[in-house]
Amino acid sequence: MADDASPHISSAVLDGLKAVVGESGWSQDPDRLEPKLVEWRDRWHGATPILLLPKTVVEVSAIVRLCAETRTPITPQGGNTGLVGGQIPKGEVLLSLEKMRAIRAVNTDDDVIIAEAGVTLAALHDAATAVGRLFPLNLASEGSCTIGGLISTNAGGTAVLRYGTMRALVLGVEAVLPNGDVHHGLKRLRKDNTGYDLKQLLIGAEGTLGVVTAASLKLFSRLADRTVAMAAVTSPKQAIALLNLSKAVSGGAVEAFELMSRQGVAFALTHMPGTREPLAQPSPWIVLIEMASAETGATAAAMERLLEQALAEGLIADAAIAQSEAQAKAFWAIREGQSAAQKPEGAAWKHDVATPVSRIADFIEAATTAVQAFAPGVRVVAFGHVGDGNIHFDVLRPEKGDDAPHDALRDQGARIVHDIAMRCEGSISAEHGLGTMKSKEALRYKDPVDVAAMRAIRAALDPLQIMNPRVLF
Ligand SMILES: Cc1cc2nc3c(=O)[nH]c(=O)nc-3n(C[C@H](O)[C@H](O)[C@H](O)COP(=O)(O)OP(=O)(O)OC[C@H]3O[C@@H](n4cnc5c(N)ncnc54)[C@H](O)[C@@H]3O)c2cc1C
């Protein structure tokens with residue numbers, strides 16, 4: 001990884017870049033730049049000599065070629081919803097894809113949609129709906145996050161259990177490689193065994209192997225019959241037992257299986273106006289289950305069977321099935337608000353870890369005990385896509401404490417949590433990537449053989465390391 005010092009970019013290079021994109025394609029206005037230099041959690045504040053706003057792949061290619069010729073570093077940015085700081089430049093040229101927002105093609109025979117990198121996830125959902133299809137990735141940041149960012153972080157979200165992460169949803173990618181060449185990979189093929197799969201290298205590369213400019217993405221049938229329920233469990237272990245039962249009972253209809261702790265639900269009730277306790281009694285843990293099917297009435301029947309059996313077996317203490325779309329949305333709002341509802345409570349150490357599903361309960365128990373012993377009084381909010389073995393393990397400062405001392409312990413806290421995740425055969429980044437936040441930390445955990453192979457791939461494609469030089473290794 002290159003060092004963190006800000007690069008110097010000469011005025012001659014800046015003039016050259018301005019000429020590539022024309023008058024409306026760049027900005028140095030501090031007010032225009034400001035929202036792109038601060039990230040969602042307000043943890044990283046960036047700097048850039050110029051914001052570039054190309055409109056076509058030809059312009060992106062010319063920008064990258066000029067940057068390669070002049071060894072000018074680039075940070076690509078999509079919707080700026082990334083949670084590990086990879087999109088925030090530290091003096092590099094900031095290349096935003098916000099003007100590349102076209103849906104280039106939709107084909108329902110192929111079940112494929114081709115969208116440019118700057119298309120937001122919400123706009124993609126709308127475009128799929130307009131042709132009677134579904135694009136199944138769901139994230140709370142859907143109004144802002146973009147196809148380029150989703151691909152570059154291999155985003156997950158709430159329907160991974162059924163449809164997989166972005167890796168499983170991309171058929172092809174168009175990207176500008178670090179020397180300025182264009183990889184024209186917008187394939188619509190489900191099968192293509194002709195050697196290395198370049199799109200899979202670009203997926204999850206966090207902007208280090210090129211700039212994604214468009215992608216061909218899989219579409220699915222819409223499953224109109226949906227049922228959402230909340231169930232009270234006493235522990236993560238019981239949640240896993242309920243997950244197993246739900247898979248057996250539903251015949252593959254479970255689309256989301258999300259766990260929330262009491263502390264997180266309590267913050268949502270306090271800080272999200274209009275939120276109501278979802279079950280009759282507060283429960284130490286709550287699971288949100290969504291099932292979907294094409295057959296009318298199938299999911300309501302399956303959900304009832306599941307909850308009845310789970311009650312009979314003592315797996316759950318209570319449950320509620322949403323009786324309307326509004327109630328289903330209200331249940332989801334509590335889950336999706338788990339992060340935002342923490343904000344008024346002060347500083348937090350955030351961890352996005354994965355373990356095998358069977359080790360989640362061990363992880364939560366061990367990590368909670370360890371952080372509370374390390375920093376007495378901290379408040380743990382554990383929640384996430386438990387069906388995928390993915391837990392967001394957030395550690396908030398003590399109720400009556402100050403932010404600064406808690407912030408000062410962040411790295412030590414992360415070390416404790418990450419060591420435990422690795423002991424549970426896990427990963428220190430389930431879905432957000434490594435970015436600025438975790439790249440150095442990851443070197444402690446990744447197999448040196450894997451790091452060497454990743455460095456070799458990067459050196460082959462980007463020998464000057466101009467693409468997102470602070471990110472990865
Ligand atoms: C409220 C909230 C909820 C979230 N929930 C989830 C969740 O459930 N699951 C999940 O996985 N993530 C989640 N995220 C994180 C975030 O939304 C995803 O990481 C998303 O994929 C980022 O997309 P973006 O367009 O905002 O990318 P950015 O934040 O702009 O960039 C992210 C990374 O991708 C690179 N990049 C962006 N565009 C390109 C491009 N065109 N070419 C090459 N590199 C590029 C950037 O350099 C950076 O390294 C959430 C975030 C928020 C704020």
Side-chain angles (χ1 to χ4, degrees), residues 35-44 46 54 57 60 64 73-90 92-101 115-124 137-160 165-167 173-178 183 201-215 256 258 332 335-343 350 352 354 383-385 388 390 392 429-439 467-472:
K36 295 187 182 292
L37 298 176
V38 182
E39 53 80 61
W40 196 76
R41 288 175 183 157
D42 208 15
R43 275 201 61 197
W44 290 275
V57 63
V60 177
V64 177
I74 304 170
T75 293
Q77 189 179 94
N80 191 15
T81 67
L83 296 175
V84 287
Q87 72 282 10
I88 303 295
K90 284 273 167 68
E92 301 93 33
V93 163
L94 181 57
L95 195 162
S96 167
L97 282 297
E98 71 169 48
K99 291 202 170 174
M100 294 189 62
R101 291 211 164 168
E116 289 190 339
V119 171
T120 63
L121 181 57
L124 193 82
L137 200 86
N138 283 309
L139 265 58
S141 54
E142 65 171 25
S144 306
C145 66
T146 63
I147 300 310
L150 293 164
I151 288 176
S152 301
T153 58
N154 182 29
T158 52
V160 171
T165 62
M166 250 346 233
R167 251 183 224 296
V173 163
E174 175 191 87
V176 174
L177 301 179
H183 164 57
L201 267 184
L202 288 155
I203 298 170
E206 300 187 51
T208 59
L209 297 181
V211 182
V212 174
T213 49
E258 303 281 314
W332 267 113
R335 163 61 188 88
E336 292 188 333
Q338 288 292 294
S339 219
Q342 294 170 22
K343 272 194 172 179
K350 305 260 181 179
D352 159 45
F383 65 99
H385 320 298
D388 317 321
N390 177 191
H392 301 303
S429 180
E431 51 179 17
H432 299 157
L434 294 178
T436 310
M437 184 178 174
K438 292 187 186 169
S439 288
M467 293 301 312
N468 240 358
R470 293 161 296 99
V471 173
L472 303 188

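Counting starts at 1 for both ligands and their atoms, following the listed order. Just so it is clear, the model here is predicted, and its values are computed rather than measured. Worth knowing before you read on, the calculation uses all heavy atoms, side chains too, and leaves out hydrogens, waters and symmetry mates.
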A.B. asks: Could you name each residue pair satisfying side-chain hydrogen bond (donor to acceptor under 3.5 Å, both in side chains) that touches residues 201-213, not counting sequence neighbours?
C.D. replies: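 Passing the test, one end in residues 201-213: E174-T213.
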A.B. asks: Below 4.5 Å, heavy atoms only, C-beta onward: do T75 and I88 meet side chain to side chain?
C.D. replies: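 No; the side chains remain at least 4.5 Å from each other.
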A.B. asks: Mind running side-chain contact (heavy atoms from CB on, under 4.5 Å) on N390 and E431 for me, showing each step along the way?
C.D. replies: CA-CA 8 Å; N390 177 191; E431 51 179 17; 3.3 Å; yes
A.B. asks: For ligand 1, give me the residues whose heavy-atom distance to it is below 4.0 Å, by chain and number please.
C.D. replies: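 Lining ligand 1 at under 4.0 Å, by heavy atoms, one finds W40, P76, Q77, G78, G79, N80, T81, G82, L83, G86, Q87, L97, A117, L139, A140, S141, C145, T146, G148, G149, L150, S152, T153, A155, G156, G157, E206, G207, G210, V211, V212, H385, E431, H432, N468.
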A.B. asks: Which residues pass the ring pair (Phe, Tyr, Trp, His ring centres under 6.0 Å) test with H392, not counting sequence neighbours?
C.D. replies: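 Counting only residues at least two positions away or on another chain, H392 forms a ring pair (Phe, Tyr, Trp, His ring centres under 6.0 Å) with F383, H385, H432.
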A.B. asks: Are S144 and T120 side-chain neighbours, meaning at least one heavy-atom pair lies under 4.5 Å?
C.D. replies: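 Side-chain contact under 4.5 Å: no.
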A.B. asks: Under the rule for salt bridge (Lys or Arg N to Asp or Glu O under 4.0 Å), what residues qualify as partners of E98, not counting sequence neighbours?
C.D. replies: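 If we apply the salt bridge (Lys or Arg N to Asp or Glu O under 4.0 Å) test to E98, skipping adjacent residues, the hits are R32, K36.
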